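To start, the structure under review is shown below, and the notes come after it.
Keep in mind that this is a model prediction, so the values were computed, not measured.
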Amino acid sequence: MQLDSPHALYVEGLQDLFSAENQIVKALPKLIKAATSEELKDAFDTHLDQSKEHIARLERICGDLDISPKGKHCRGMEGLLAQGAELTEVDADPDVMDAGLISSAQHIEHYEIAGYGTVRTYAQLLGFDDQSAVLQETLDEEEETDLLLTELAQTVNVAATRNEDESSTSRSFKAK
């Protein structure tokens with residue numbers, strides 16, 4: 001693909017997001033399994049359902065443009081998901097694991113927010129008002145997920161810190 005116009009950037013962005021969302025759908029079950037907090041599991045499960053809907057929306061938009069949503073591999077999402085997968089392989093305190101998973105998920109959300117914001121803006125500039133509205137709906141959902149993860153992090157991070165404080169207290173008693 002030659003990037004010689006805003007339309008070409010728009011198509012490239014849509015294909016990047018399509019790849020990213022498909023990678024997320026494949027990765028989320030592993031994150032759901034690794035999470036210990038029921039609220040976090042529920043948040044990941046909800047985002048899995050949303051990601052499937054996001055894929056369907058991208059397919060509809062690409063169909064309207066008479067282009068394939070395939071053709072690009074999102075290396076950025078691949079890297080973010082690899083970091084999250086590495087986390088699931090380590091032995092960790094449950095609260096610390098959940099805190100790490102939330103951090104990883106928020107990196108992913110921020111990537112999606114940036115991507116959807118960009119393609120929404122291209123759609124607006126190119127006069128694709130219906131597509132812009134659909135992309136804004138997805139962007140709103142991504143931002144809501146990020147806010148939910150922030151709320152969960154406030155609880156989980158406190159629990160993880162409390163566990164660290166208790167652990168360091170018991171280590172200092174053992175040292176004496």
Side-chain angles (χ1 to χ4, degrees), residues 13-59 69-70 72-120 135-176:
L14 292 170
Q15 291 173 331
D16 184 74
L17 287 165
F18 183 78
S19 172
E21 291 286 10
N22 276 286
Q23 290 178 57
I24 290 167
V25 165
K26 290 178 184 167
L28 270 172
K30 189 172 186 177
L31 299 182
I32 292 167
K33 184 177 179 183
T36 61
S37 158
E38 286 304 316
E39 294 88 358
L40 183 55
K41 285 179 182 284
D42 289 345
F44 285 163
D45 194 50
T46 297
H47 196 60
L48 177 59
D49 292 339
Q50 286 178 337
S51 293
K52 291 175 183 176
E53 177 58 31
H54 298 168
I55 290 168
R57 290 177 188 161
L58 290 166
E59 288 173 332
K70 299 177 182 176
K72 177 158 180 57
H73 179 72
C74 182
R75 292 184 185 169
M77 187 57 66
E78 179 181 28
L80 291 171
L81 291 170
Q83 287 180 318
E86 286 175 12
L87 182 62
T88 65
E89 302 298 325
V90 301
D91 183 31
D93 173 86
D95 291 324
V96 174
M97 173 63 75
D98 285 349
L101 291 172
I102 291 170
S103 174
S104 180
Q106 286 195 289
H107 282 86
I108 291 164
E109 287 308 311
H110 293 181
Y111 185 94
E112 290 181 293
I113 290 167
Y116 280 107
T118 299
V119 294
R120 185 265 342 264
L135 293 165
Q136 182 63 54
E137 182 179 358
T138 301
L139 179 58
D140 291 344
E141 291 169 357
E142 298 294 0
E143 290 171 343
E144 288 169 15
T145 298
D146 183 52
L147 287 173
L148 173 61
L149 290 168
T150 296
E151 290 171 11
L152 288 172
Q154 291 170 349
T155 304
V156 170
N157 291 346
V158 168
T161 302
R162 186 175 36 248
N163 289 346
E164 174 65 21
D165 291 343
E166 291 169 3
S167 182
S168 65
T169 301
S170 71
R171 282 193 301 261
S172 66
F173 283 129
K174 290 178 184 175
K176 291 182 179 180

Quiz: residues 31-38 side-chain donor-acceptor pairs under 3.5 angstrom, not counting sequence neighbours:
unit_1 : atom_1 : unit_2 : atom_2 : d
Thr36  : OG1    : Pro94  : O      : 3.4
Thr36  : OG1    : Asp98  : OD1    : 3.3
Thr36  : OG1    : Asp98  : OD2    : 2.6
Ser37  : OG     : Glu39  : N      : 3.3
Ser37  : OG     : Glu39  : OE1    : 3.0
Ser37  : OG     : Leu40  : N      : 3.2

Listing request: all salt bridge (charged side-chain N to carboxylate O under 4.0 Å, His left out) pairs with a residue in residues 144-154, at least two apart in sequence or in separate chains. none
For Glu89, the salt bridge (Lys or Arg N to Asp or Glu O under 4.0 Å) test, sequence neighbours excluded, returns Lys30
So how far is it from [X] [atom1] to [Y] [atom2], rounded to the nearest 0.5 Å?
{"X": "Glu109", "Y": "Leu147", "atom1": "CD", "atom2": "CG", "value": "10.0 Å"}
{"X": "Thr138", "Y": "Gln50", "atom1": "OG1", "atom2": "CD", "value": "9.0 Å"}
{"X": "Leu135", "Y": "Glu142", "atom1": "CG", "atom2": "CD", "value": "11.0 Å"}
{"X": "Met97", "Y": "Asp91", "atom1": "CE", "atom2": "CG", "value": "8.0 Å"}
{"X": "Glu112", "Y": "His107", "atom1": "CD", "atom2": "NE2", "value": "13.5 Å"}
{"X": "Lys52", "Y": "Leu28", "atom1": "NZ", "atom2": "CG", "value": "9.5 Å"}

State, to 0.1 Å, how close [X] and [Y] come at their nearest heavy-atom pair, and which atoms those are.
{"X": "Ile24", "Y": "Leu81", "value": "N-CD1, 3.9 Å"}
{"X": "Leu152", "Y": "Ala43", "value": "CD1-CB, 3.9 Å"}
{"X": "Leu14", "Y": "Leu58", "value": "CD2-CD2, 3.8 Å"}
{"X": "Cys74", "Y": "Tyr111", "value": "SG-OH, 3.1 Å"}

Ignoring hydrogens and geometry, is there a side-chain-to-backbone donor-acceptor pair from Gln15 to Pro69 under 3.5 Å?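 The answer is no, because no donor-acceptor pair under 3.5 Å joins these two groups.
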Backbone N/O of Ala99 and side chain of Ser103: donor-acceptor pair under 3.5 Å: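 Answer holds: no.
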Is there side-chain contact between Phe44 and Thr145, with at least one heavy-atom pair below 4.5 Å?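 Counting from C-beta outward, Phe44 and Thr145 never come under 4.5 Å.
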Flag the pair Lys72 / Phe18 as yes when at least one side-chain heavy-atom distance between them is below 4.5 Å, and no otherwise. no
Option passing side chain to side chain contact (heavy atoms under 4.5 Å, CB included) with Ser51 (candidates Glu21, Gln23, Lys26): Glu21
Test side chain to side chain donor-acceptor pair (under 3.5 Å) applied to His54 and Glu141, step by step: CA-CA 10 Å; His54 298 168; Glu141 291 169 357; 2.7 Å; yes
